There are 2 protein chains.
Amino acid sequence: MMYRGGMRTPNAQQIEQITAQLGKYGKIEGKNVFYWFQNHKARERQKQKRNSLVLNSPPITTITLNTRMKPIL
Amino acid sequence: MMYRGGMRTPNAQQIEQITAQLGKYGKIEGKNVFYWFQNHKARERQKQKRNSLVLNSPPITTITLNTRMKPIL
DNA sequence: TATCTATGAATGAACG
DNA sequence: CGTTCATTCATAGATA
């Protein structure tokens with residue numbers, strides 16, 4: 001629900017509050033909540049990226065600076 | 001091993017020495033060693049922080065989540 | 001049974 | 001330094 005409401009990177013306190021609420025339904029740690037938000041946000045971006053990459057493929061001369069990418073090797 | 005021995009923020013020389021040793025097992029640069037120590041230290045503290053937040057958890061305003069839930073099956 | 005998919009977890013890299 | 005991001009690993013469940 002919080003995520004749908006727009007929350008993407010909750011801070012430590014928010015994480016703990018969410019964890020406390022979820023704890024009512026089973027064992028859970030802040031770490032789990034943290035990972036969940038990280039993964040959801042990341043995978044949301046992944047899909048967006050995939051779509052935009054195919055649709056408007058940028059010219060090959062474009063050099064992207066300062067983007068967080070791992071070197072191929 | 002060095003980390004377990006207490007090393008947390010190696011200086012440039014120490015990093016180079018560690019890098020040289022690890023180089024025996026594969027390609028590696030000083031920055032990799034640098035990042036490794038940074039991350040390990042940071043995540044050690046993250047864990048501490050999470051735990052401390054749980055311990056003196058401030059009163060949480062009761063929020064009723066999902067009063068209506070779909071049956072699991 | 002083999003392949004695919006979704007997701008929690010983890011880690012290297014880098015930002016502010 | 002604390003935090004965020006990109007990518008990869010591991011595996012349970014779905015699908016063929």
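Below, chain A is the first sequence line, B the second, and so on; all start at residue 1. Just so it is clear, the model here is predicted, and its values are computed rather than measured.
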Handout entry: Exam field: side chain Q21(B) to backbone I18(B), donor-acceptor pair closer than 3.5 Å
Key = no

Problem - K47(B) NZ to dT3(D) P, straight-line distance once rounded to whole Å - result: 17 Å

Problem - Any donor-acceptor pair under 3.5 Å from E16(A) side chain to Q13(A) backbone - result: no

Please report, to 0.1 Å, the donor-acceptor pairs under 3.5 Å made by any side chain of residues 35-46 of chain B, with sequence neighbours excluded.
| from | atom 1 | to | atom 2 | distance (Å) |
| --- | --- | --- | --- | --- |
| N39(B) | ND2 | Y35(B) | O | 3.2 |
| K41(B) | NZ | T9(B) | OG1 | 3.0 |
| E44(B) | OE1 | Y3(B) | OH | 3.1 |
| E44(B) | OE1 | R8(B) | NE | 3.4 |
| E44(B) | OE2 | R8(B) | NH2 | 3.4 |

Problem - Sorted by number, the residues of residues 11-46 of chain B with heavy-atom contact under 4.0 Å to DNA chain D - result: Q38(B), K41(B), A42(B), R43(B), R45(B), Q46(B)

Practice task
Evaluate whether atom CE of M2(B) has more than 12 neighbouring non-hydrogen atoms of other residues, nucleotides or ligands under 6.0 angstrom away.
Solution key: no

Handout entry: Gap between atom CG of L22(A) and atom CD1 of I28(A) - 0.5 Å precision
Key = 4.5 Å

